[in-house]
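Scroll down for the structure; my scribbles are underneath it.
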4 protein chains.
Amino acid sequence: MRKKFTEKQIHILDIAEELIAKKGYEGTSVRDICSKANINVAMISYYFGSKEKMMSYLYQYRVLKTRENFSEFADTIKEGKPEMQMKEIIKYIVSQLFKYNYFHGFVTQELRHTENLKDELLDFYQLFVKKLDEVIKKGVASGVFTFTPKPEDILTTIIGSTLFVIRNKNFYELYVPNKNEETYVKEAEKKVRMNLLLSVFAILGYAAD
Amino acid sequence: MRKKFTEKQIHILDIAEELIAKKGYEGTSVRDICSKANINVAMISYYFGSKEKMMSYLYQYRVLKTRENFSEFADTIKEGKPEMQMKEIIKYIVSQLFKYNYFHGFVTQELRHTENLKDELLDFYQLFVKKLDEVIKKGVASGVFTFTPKPEDILTTIIGSTLFVIRNKNFYELYVPNKNEETYVKEAEKKVRMNLLLSVFAILGYAAD
Amino acid sequence: MRKKFTEKQIHILDIAEELIAKKGYEGTSVRDICSKANINVAMISYYFGSKEKMMSYLYQYRVLKTRENFSEFADTIKEGKPEMQMKEIIKYIVSQLFKYNYFHGFVTQELRHTENLKDELLDFYQLFVKKLDEVIKKGVASGVFTFTPKPEDILTTIIGSTLFVIRNKNFYELYVPNKNEETYVKEAEKKVRMNLLLSVFAILGYAAD
Amino acid sequence: MRKKFTEKQIHILDIAEELIAKKGYEGTSVRDICSKANINVAMISYYFGSKEKMMSYLYQYRVLKTRENFSEFADTIKEGKPEMQMKEIIKYIVSQLFKYNYFHGFVTQELRHTENLKDELLDFYQLFVKKLDEVIKKGVASGVFTFTPKPEDILTTIIGSTLFVIRNKNFYELYVPNKNEETYVKEAEKKVRMNLLLSVFAILGYAAD
DNA sequence: AATGAATGAGCGTTCATTCAT
DNA sequence: CATGAATGAACGCTCATTCAT
């Protein structure tokens with residue numbers, strides 16, 4: 001059920017995503033979205049069929065974009081050494097979660113409304129697992145990694161830790177040096193990335209020389 | 001503003017928590033809760049003043065219980081060696097999150113409704129950070145730990161990873177051997193706990209003999 | 001359907017009257033009344049059967065008292081000259097309306113709820129009409145009054161003017177010299193009384209010598 | 001905050017006014033109004049924002065119309081003799097109160113809901129007082145009136161008496177010859193008008209030749 | 001292709017009243 | 001005799017959606 005969206009539709013989806021990530025699906029009324037998007041209240045039903053279908057389209061749209069993005073990324077690290085690849089994967093996941101935190105925010109919160117779509121996200125996660133598995137095995141084979149942790153556990157740690165930081169801003173900011181609103185996000189991202197690098201490479205038994 | 005609750009009120013809170021964790025605050029109507037609790041629609045206003053106040057009471061009630069529970073737990077590990085203490089802390093946090101996943105589910109999702117109460121959760125997290133800090137320092141001092149990672153990062157990894165597993169059941173269950181509905185939860189909890197033990201001890205540079 | 005009331009019941013009726021006169025029948029909840037009377041919410045149904053029946057009892061109670069009161073008053077002027085009697089009647093009606101403005105306030109506002117009871121008020125008004133008729137005829141017979149206006153019109157003017165003043169406080173107070181909250185009511189009562197005396201005696205063609 | 005209303009809105013306001021005058025603001029539910037107006041329950045909120053705001057608009061609308069109406073009337077009597085002017089004013093006020101008795105019914109009963117709007121009614125009453133004052137003074141100057149009663153007292157008598165008659169139908173109808181429902185109202189209006197003419201001209205010491 | 005008016009269902013809450021004690 | 005817990009109906013209002021244009 002792929003669909004091409006007009007500019008106007010994408011505009012609506014952007015605003016819907018932001019509001020829903022902030023206030024939840026039920027907490028966000030069609031009127032809220034339309035008012036912020038400067039369109040008529042009837043437009044969401046008109047364009048997408050219903051509020052719920054709009055959610056599906058929004059989800060599809062983002063997953064599609066994300067997959068394309070990941071595809072490109074995967075290409076860029078194809079040639080590197082395992083330790084570099086692992087580092088880049090961590091960096092990529094963390095930055096993507098921070099960048100599209102709106103999306104990832106509502107994915108876990110609001111996916112109950114689009115139960116059948118979860119599969120697409122699942123496929124996407126498995127893509128990561130597969131990639132991590134490759135890298136780990138290659139690293140172990142080449143001797144730079146000592147241990148063989150489960151790739152799904154590595155992914156769990158990376159995504160889980162990052163989302164926790166994003167969602168518990170007022171906890172984590174206690175430990176981030178620069179609390180300036182502008183720079184906080186960057187500092188937080190950096191801190192969680194460093195933590196994950198340390199963590200993951202420790203599990204891998206990475207012997208830096 | 002502590003409050004004693006009757007059995008009936010606790011019954012309502014239990015059901016409310018479950019539904020809200022599943023379907024969100026706005027997604028759960030007073031009628032849903034009352035219908036499942038076999039009580040009159042007016043009772044929530046009658047007992048708690050309003051739906052919103054019920055949320056506050058629910059939150060208070062759980063945080064209070066959780067703090068008391070943690071207090072007891074902290075006593076039981078007071079005497080042990082750092083490595084044992086760390087192991088027990090991880091085990092404790094993971095098991096608590098699994099046990100009260102309803103609560104932790106709505107805490108991160110629905111806290112916007114009880115903004116002023118967030119501080120209590122913050123205090124609670126800081127309790128953990130403090131405890132972790134003690135254990136890490138003691139372990140480093142006694143030589144069983146080699147490195148000194150930040151306690152807030154350790155906590156982030158533990159809670160983040162566990163919550164991710166809880167909330168992405170149909171991802172994680174792909175990697176859990178026994179998919180029997182009854183045993184799955186236990187297996188999943190065991191798997192994430194093992195992962196975290198490995199992970200945390202690796203970061204600490206724990207030298208097992 | 002006469003009824004004897006206990007002190008507690010009278011206490012409730014007093015409070016109910018005040019609140020209903022202020023905020024209307026529907027605007028006053030049973031809870032409001034019970035809360036102000038420091039009694040249980042169930043008491044009004046318990047004592048009076050229902051909120052509506054309470055209204056009936058309240059109405060009966062006040063009309064009864066008022067009739068008794070008027071009876072006494074009628075005795076005191078029995079012996080006087082017509083012009084004195086007329087003066088006293090005006091003074092009496094005005095002062096009673098001011099004194100029991102709570103009651104008269106809700107009588108005209110809330111009588112829609114006790115349609116069948118209007119007869120009692122009607123009887124009461126007719127008592128006044130009869131008395132006024134007597135006085136007018138006596139005065140005409142004795143030559144102190146020149147004209148024979150209809151007694152129901154005299155009553156209409158007296159009650160209508162007084163109630164208008166009571167209910168349009170912020171209009172009439174513009175023309176009352178002393179606006180001090182304490183003395184205003186007395187001044188207003190005095191002013192409307194003087195107006196009515198002038199008015200009624202003018203209609204009667206009273207020739208003061 | 002003046003507002004133009006559509007025909008549909010005016011239709012709703014008419015029905016709302018009638019019901020509220022009869023049963024009070026709290027006694028009249030939004031459902032009552034909508035049911036009688038054959039519209040959806042949501043329409044009152046949709047058109048006016050809320051039930052309470054509807055009251056304000058209704059009030060504004062009627063006061064505005066009434067002021068315009070009075071303005072026109074004032075023009076028509078500009079040229080006449082004082083005694084003719086006085087007669088016309090009485091006739092006008094009485095007929096207006098009878099015509100718009102719904103409005104005047106709820107104005108005194110329900111103005112607690114639109115506290116801040118009372119001033120507009122006050123202004124309106126003062127317009128009458130001013131006009132009466134002019135007429136009285138002119139009459140006294142030209143010698144047709146002997147006395148100088150206070151204009152606010154004249155207004156009080158006129159409005160008070162008329163409203164009393166309107167609100168105590170089953171009292172006054174005892175004295176109105178033709179009790180036929182159709183003609184009663186006209187007869188009652190006539191009777192109270194005659195009474196007021198007599199009354200007011202007597203107070204003015206009008207010397208008819 | 002797009003709108004604004006209008007709808008019916010459902011929301012959280014309050015109501016007068018009843019019930020068990 | 002009196003209470004406080006509990007009820008079902010109704011409240012004003014907002015919702016996502018549909019309809020007529």
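Letters A, B, ... mirror the listed sequences (proteins, then strands); counts begin at 1. Below, each value reflects all heavy atoms present in this structure, side chains not excepted, and no hydrogens, waters or symmetry copies.
Nearer the 5' end of DNA chain E, as judged by each residue's closest nucleotide, is the contact made by A:Val41, out of A:Val41 and C:Ala42. Nearest-nucleotide mapping onto DNA chain F: of D:Lys51 and B:Asn38, the residue sitting toward the 5' end is B:Asn38. In terms of position on DNA chain E, the residue among C:Asp32 and C:Gly49 whose nearest nucleotide sits closer to the 5' end is C:Asp32. Taking for each of B:Ile39 and C:Lys8 the nucleotide of DNA chain F with the nearest heavy atom, the 5'-most of the two is the partner of C:Lys8.
At a threshold of 4.0 Å, the pair D:Lys36-D:Glu18 counts as salt-bridged, since one of the basic side-chain nitrogens sits closer than that to a carboxylate oxygen. The pair C:Arg62-C:Asp14 counts as a salt bridge, with a side-chain nitrogen and a carboxylate oxygen less than 4.0 angstrom apart.
Here E:dC15 presents its P atom at 13 Å from CG of C:Leu19, a figure rounded to the nearest Å. Following rounding to the nearest Å, A:Glu7 (CD) and E:dA1 (P) show an atom-to-atom distance of 17 Å. Atom NZ of B:Lys53 and atom C1' of E:dT14 are 14 Å apart (whole Å). Atom P of nucleotide F:dA5 and atom CD1 of B:Ile44 are separated by 17 Å, given to the nearest angstrom. As a whole-Å value, the separation of C:Phe48 CZ from F:dC1 C1' is 15 Å. Distance, C:Met43 CE to E:dA16 P: 16 Å, rounded to whole Å. Between the CD atom of A:Glu26 and the P atom of E:dA9 there is a distance of 20 Å, rounded to whole Å. For the pair C:Tyr47 OH and E:dT17 C1', the interatomic distance rounds to 17 Å; values are reported in whole Å.
Counting heavy atoms from C-beta on, the side chains of C:Tyr47 and C:Phe5 never come closer than 4.5 Å.
Using bins of under 30°, 30° to 60° and over 60° for the plane-to-plane angle, the ring pair C:Tyr57/C:Phe48 lands in the tilted bin.
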- Task: Would you check, one step at a time, whether the test side chain to side chain contact (heavy atoms under 4.5 Å, CB included) holds for C:Asp123 with C:Arg67?
- Result: CA-CA 10 Å; C:Asp123 287 353; C:Arg67 289 185 88 121; 3.6 Å; yes

- Query: side chain to side chain contact (heavy atoms under 4.5 Å, CB included) between D:Thr6 and D:His11: does it pass, once the steps are laid out?
  - Reply: CA-CA 9 Å; D:Thr6 67; D:His11 173 61; over 6 Å; no

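Using Watson-Crick or G-U wobble geometry with both donor-acceptor distances under 3.5 Å, E:dT21 finds its partner in F:dA2. Remark: E:dA1 base-pairs with no nucleotide; criterion is Watson-Crick or G-U wobble with both hydrogen-bond distances under 3.5 Å. In this structure E:dC15 sits in a base pair with F:dG8, meeting the Watson-Crick or G-U test at under 3.5 Å.
Between the side chain of A:Arg31 and the base of F:dA16, at least one donor-acceptor pair of N or O atoms lies under 3.5 Å.
Residue contacts shown for D:Thr28 are limited to sugar-phosphate atoms, with no base heavy atom under 4.0 Å away.
At the phosphate of E:dA5, OP1 or OP2 sits under 4.0 Å from a side-chain N or O atom of D:Tyr46. Using a 4.0 Å cut-off, no side-chain N or O of C:Asn40 falls inside it from OP1 or OP2 of F:dA2. For F:dA16, the OP1/OP2 oxygens have no side-chain nitrogen or oxygen of A:Ser45 closer than 4.0 Å.
Side-chain proximity of B:Val30 to E:dT13, F:dA2, E:dA16: nearest is E:dT13.
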